[in-house]
Number of protein chains: 2
Amino acid sequence: MKTLIREKRKERNMTQEELSEALKVSRQTIISLEKGKYKPSLVLAHKLAQIFECTIEDLFIFEGDENV
Amino acid sequence: MKTLIREKRKERNMTQEELSEALKVSRQTIISLEKGKYKPSLVLAHKLAQIFECTIEDLFIFEGDENV
DNA sequence: AATATATGTAAAGTACCCTTGACATGAATA
DNA sequence: TATTCATGTCAAGGGTACTTTACATATATT
């Protein structure tokens with residue numbers, strides 16, 4: 001699974017800290033998501049999509065046969 | 001968060017077991033999701049949306065201020 | 001040189017998604 | 001009555017999303 005979080009964040013000139021505050025998560029969480037260290041929860045994915053005014057499917061690119 | 005998993009499954013005349021096999025998860029997982037015992041991972045939400053030929057946002061109804 | 005800003009790593013703890021397995025219930029049908 | 005099918009509960013365990021805290025690095029500015 002790929003994510004466009006970093007690209008969308010930069011388009012809006014937001015820092016990781018600003019994004020983390022908007023989402024009410026830690027900055028560590030943003031770093032880890034952008035670097036692909038892990039996948040967000042469904043609710044966090046939804047909040048990210050809302051902030052970036054797109055759908056979850058626009059923000060995350062799913063590839064074949066991923067682990068559940 | 002609400003989900004339309006059960007409704008979409010029944011529209012297609014699938015049993016919980018058939019759905020669990022299509023998703024390669026346990027039947028327990030389907031039961032728990034339908035009953036709202038917990039929220040699916042992002043990947044599982046995506047697979048469900050694919051099976052039901054809709055978007056994640058069509059299948060899950062997000063309500064205000066949910067836990068991350 | 002020193003300070004500030006943005007990004008990064010590491011480690012340890014908590015909460016929860018998902019699993020397996022065993023057993024229970026209600027409705028249909030032989 | 002007995003069996004089958006679909007659905008459900010309960011409990012224990014593994015893996016991972018997310019947290020907090022502390023420290024590191026690169027760039028820019030004073």
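A note on names: the letters A, B, ... follow the listed sequences, proteins ahead of strands, and every chain is numbered from 1.
Close approach of DNA chain C to chain B, defined as any atom under 4.0 Å from a non-hydrogen atom of the protein, starts and stops at C:dC17 to C:dG21.
Separation of atoms CG (B:Leu4) and CD (B:Glu11) is listed at 8.5 Å; rounding is to 0.5 Å.
A salt bridge between B:Glu7 and B:Lys2 is absent, with no side-chain N of the basic residue lying under 4.0 Å from a carboxylate O of the acidic one.
Within the structure, ring-ring contact (aromatic ring centres under 6.0 Å, His included) pairs that include any residue of residues 12-35 of chain A do not occur (at least two apart or interchain). Sorted by first then second residue, the salt bridge (Lys or Arg N to Asp or Glu O under 4.0 Å) pairs that include residues 17-32 of chain B, not counting sequence neighbours, number zero. Pairs engaging residues 21-49 of chain B under the ring-ring contact (aromatic ring centres under 6.0 Å, His included) rule: A:Phe62-B:His46 [sequence neighbours left out]. Among residues at least two apart or in separate chains, salt bridge (Lys or Arg N to Asp or Glu O under 4.0 Å) pairs with a member in residues 33-43 of chain A are A:Arg6-A:Glu34, A:Arg9-A:Glu34, A:Lys39-A:Glu66.
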For nucleotides 4-23 of chain D, just jot down a letter per nucleotide in 5' to 3' order: B, S or -, based on protein non-hydrogen atoms under 4.0 Å. --SBBBB------SBBBB--

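Exactly one of B:Leu48, B:Leu19, B:Thr3, B:Val25 qualifies for a side-chain contact (heavy atoms from CB on, under 4.5 Å) with B:Leu33. That residue is B:Leu48.
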